[in-house]
Amino acid sequence: MLLLDGDLVLSSSGGTGAGAGAASRTSDSGRGLVAALLESPGIRHAVDRLKVAPERRISAGQEGAPRHVYVFQREYATVDPARVELVGTDEATTCIGVVIRNNKTGMTSVSHMDFPEIVEGGIKQMLELLGDDNAPFDVHLIGGFADASTKVVRSSGKKHIKQEGYSYPLCCKIVEVLHKSQLQFNLRSFCVLENNTKSDSFGNALPIIGGFVVETSSGVVIPATFDMDSRCPDEVVRRIRVSVSSYDPTWQGRLLETYDTQDDVFQIAPACWMPDWADIASSLNQLSDSEVLLRCSTSPAAEPPHFVENERRIWKYLIDNPDWEETFPKHKPRVFHRASDGSWSRYS
């Protein structure tokens with residue numbers, strides 16, 4: 001069940017404008033809960049505090065840098081505070097970051113949810129290593145914005161039709177699943193949808209916070225961005241796996257597992273792609289930057305500056321490595337161990 005300041009969250013009979021175009025994809029229960037939370041003064045106060053907090057920049061390889069675990073889209077990681085000091089994610093536009101923390105042990109799970117279909121199974125995965133006691137878990141929902149409020153992307157005098165919103169049905173599903181659970185979840189942050197939306201000079205809706213880290217020792221959540229070298233290990237292959245997993249039935253309804261909590265090791269399970277993906281990647285790489293945004297993003301106007309560069313690095317890897325078995329020899333996972341300085345080295 002979902003709690004706010006120790007009290008059960010009661011569904012509101014009112015709706016929210018953000019979900020008007022997505023109502024058919026969401027339940028009445030989810031819409032009512034989201035409406036009630038968006039109307040809560042306590043939630044708004046917590047969101048205001050989070051939005052004015054200084055953004056932390058996470059870099060790897062610096063002497064004395066805290067040990068961290070980075071979570072990509074559709075991934076999750078559960079970390080032990082005895083081994084990891086920070087866990088987080090960024091690059092969230094229409095996606096929502098979910099934090100579930102056991103206050104007694106400090107065990108913390110973070111996921112980067114992208115579609116409603118993975119929510120129920122994903123939350124179950126996140127809870128597996130957190131312990132099952134009677135004390136409420138702390139929960140933070142951060143990311144996503146009112147992306148259904150504008151159906152036109154404006155830039156340099158041009159207009160492009162934009163798809164319906166993604167954030168609202170995803171958010172509704174998350175709160176619905178948490179609320180119907182027999183476990184208790186104390187909601188600490190709800191920085192989503194209208195609570196996480198601003199406009200640029202062209203009138204496009206944008207997320208205010210797209211990334212965060214959790215300090216595992218205290219449970220404090222801080223807005224954050226990650227340098228490219230800190231989105232590790234195996235950044236490009238993990239990005240490719242997000243796309244490949246959509247076609248792999250073994251990952252249907254599940255988040256991608258990459259991090260071994262007990263051993264503080266990353267294990268990137270094999271992901272296969274067809275040889276013609278190299279041709280597709282080559283074709284996509286011919287697109288202009290603006291065409292890449294419109295073709296490859298759920299929120300073209302809201303993407304960070306490096307979005308197109310990331311897409312082109314993915315395509316280059318697929319062009320250079322058309323045979324997935326060269327990336328995963330003998331169909332074995334790619335295993336990375338943490339060195340004493342906090343960097344990652346490949347074991348196999």
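Using modelled atom types, one side-chain atom of Ser40 and one backbone atom of Ile43 make a donor-acceptor pair closer than 3.5 Å. Judged purely by atom type and a 3.5 angstrom limit, Ser167 uses its side chain to pair as donor or acceptor with the backbone of Thr94. Of the possible polar contacts, one joining the Thr197 side chain to the Leu193 backbone as a donor-acceptor pair under 3.5 Å is found. In this structure, the side chain of Ser199 does not engage the main chain of Ala205 through any donor-acceptor pair within 3.5 Å. A donor-acceptor distance shorter than 3.5 angstrom exists from the side chain of Asp200 to the backbone of Asn204, with no hydrogens or angles considered. Under the 3.5 Å distance criterion, the side-chain polar atoms of Ser230 are matched with a main-chain donor or acceptor of Asp227. Of the possible polar contacts, one joining the Arg83 side chain to the Gln262 backbone as a donor-acceptor pair under 3.5 Å is found. With hydrogens and angles ignored, the 3.5 Å screen pairs a side-chain donor or acceptor of His179 with a backbone N or O of Val9. The backbone N or O of Ala278 lies less than 3.5 Å from no partner atom in the side chain of Ser282, so there is not a single donor-acceptor pair. A donor-acceptor distance shorter than 3.5 angstrom exists from the side chain of Asn196 to the backbone of Gly144, with no hydrogens or angles considered.
Thr89 and His112 share a side-chain donor-acceptor pair at under 3.5 Å. Defined by atom type and a distance below 3.5 Å, a donor-acceptor pair is present between the side-chain atoms of Tyr317 and Thr327. If you check the side chains of Tyr259 and Asp264, you find a donor sitting under 3.5 Å from an acceptor. Glu291 and Ser288 form a side-chain donor-acceptor contact under 3.5 Å, judged by distance and modelled atom types alone. Residues Glu85 and Thr216 bring no donor and acceptor atom of their side chains to less than 3.5 Å of each other. No donor-acceptor contact under 3.5 angstrom links the side chains of Asp147 and Ser299, judged on distance only. Counted by atom type alone, Arg101 and Asn103 present one or more donor-acceptor pairs between their side chains at under 3.5 Å. Side-chain atoms of Asn285 and Arg312 form a donor-acceptor pair, as typed in the model, at a separation below 3.5 Å.
Within a 6.0 Å radius of NZ in Lys316, other residues, nucleotides and ligands contribute 12 heavy atoms or fewer. The number of heavy-atom neighbours closer than 6.0 Å to NZ of Lys124, taken from other residues, nucleotides and ligands shown, is 12 or below. Other residues, nucleotides and ligands place more than 12 heavy atoms under 6.0 Å from the CE atom of Met228. Counting heavy-atom neighbours within 6.0 Å of Asp263 CG, excluding the residue itself, gives a total above 12.
Cluster membership for Tyr76 and Ile100, using ILVMFWY side-chain heavy atoms within less than 4.5 angstrom, is shared. Residues Met126 and Val192 are members of one and the same hydrophobic cluster, defined by side-chain heavy-atom contacts under 4.5 angstrom among Ile, Leu, Val, Met, Phe, Trp and Tyr. The hydrophobic clustering, which links ILVMFWY residues whose side-chain heavy atoms are closer than 4.5 Å, places Val69 and Leu256 apart. Under a hydrophobic clustering in which Ile, Leu, Val, Met, Phe, Trp and Tyr are joined whenever their side-chain heavy atoms come within less than 4.5 Å, directly or via other members, Ile222 and Ile142 fall into different clusters. Val308 and Val242 end up in different hydrophobic clusters when Ile, Leu, Val, Met, Phe, Trp and Tyr side chains are linked at under 4.5 Å.
Residues Arg334 and Val237 meet the side-chain proximity criterion, which asks for heavy atoms closer than 4.5 Å. The shortest side-chain heavy-atom distance between Gln73 and Cys95 falls under the 4.5 Å cut-off. Contact annotation: the side chain of Val99 never approaches that of Asp138 to less than 4.5 Å [non-hydrogen atoms, C-beta and beyond]. Contact of the Leu38 side chain with the Glu194 side chain is registered, since non-hydrogen atoms from C-beta on lie closer than 4.5 Å.
Annotation for Ser29 and Glu176: closest pair OG-CG, 4.1 Å, computed over non-hydrogen atoms. The shortest heavy-atom contact between Val139 and Leu141 is CG1-CD2, 4.1 Å. Residues Ser109 and Thr78 approach most closely at OG-OG1, 2.9 Å, considering heavy atoms. Between Val175 and Gly30, the shortest heavy-atom distance links the atoms CG2-O, 4.0 Å.
Separation of the Phe226 and Tyr70 ring centroids falls under the 6.0 Å cut-off.
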Glu120 vs Arg254, salt bridge (charged side-chain N to carboxylate O under 4.0 Å, His left out): CA-CA, chis, key distance, verdict = CA-CA 8 Å; Glu120 193 156 6; Arg254 300 176 61 211; over 6 Å; no
Where do Lys173 and Glu117 land on the salt bridge (charged side-chain N to carboxylate O under 4.0 Å, His left out) test, with the steps shown first?
-> CA-CA 9 Å; Lys173 185 64 176 179; Glu117 289 74 18; over 6 Å; no
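Screening Glu75, Glu311, Glu91 against Arg239 for a salt bridge (Lys or Arg N to Asp or Glu O under 4.0 Å) leaves a single residue, Glu91.
Using cut-offs of 30° and 60° for the angle between ring planes, the Phe328 and Trp324 rings count as tilted. Using bins of under 30°, 30° to 60° and over 60° for the plane-to-plane angle, the ring pair Trp344/Phe266 lands in the perpendicular bin.
Salt-bridge annotation for Glu325 and Lys330: absent, with no side-chain N of the basic residue lying under 4.0 Å from a carboxylate O of the acidic one. A salt bridge is absent between Arg44 and Asp48: the closest approach of a Lys/Arg side-chain nitrogen to an acidic carboxylate oxygen does not fall below 4.0 angstrom.
Arg74 forms no cation-pi arrangement with Trp251, by the criterion of a distance under 6.0 Å to the ring centre and an angle within 45° of the ring axis.
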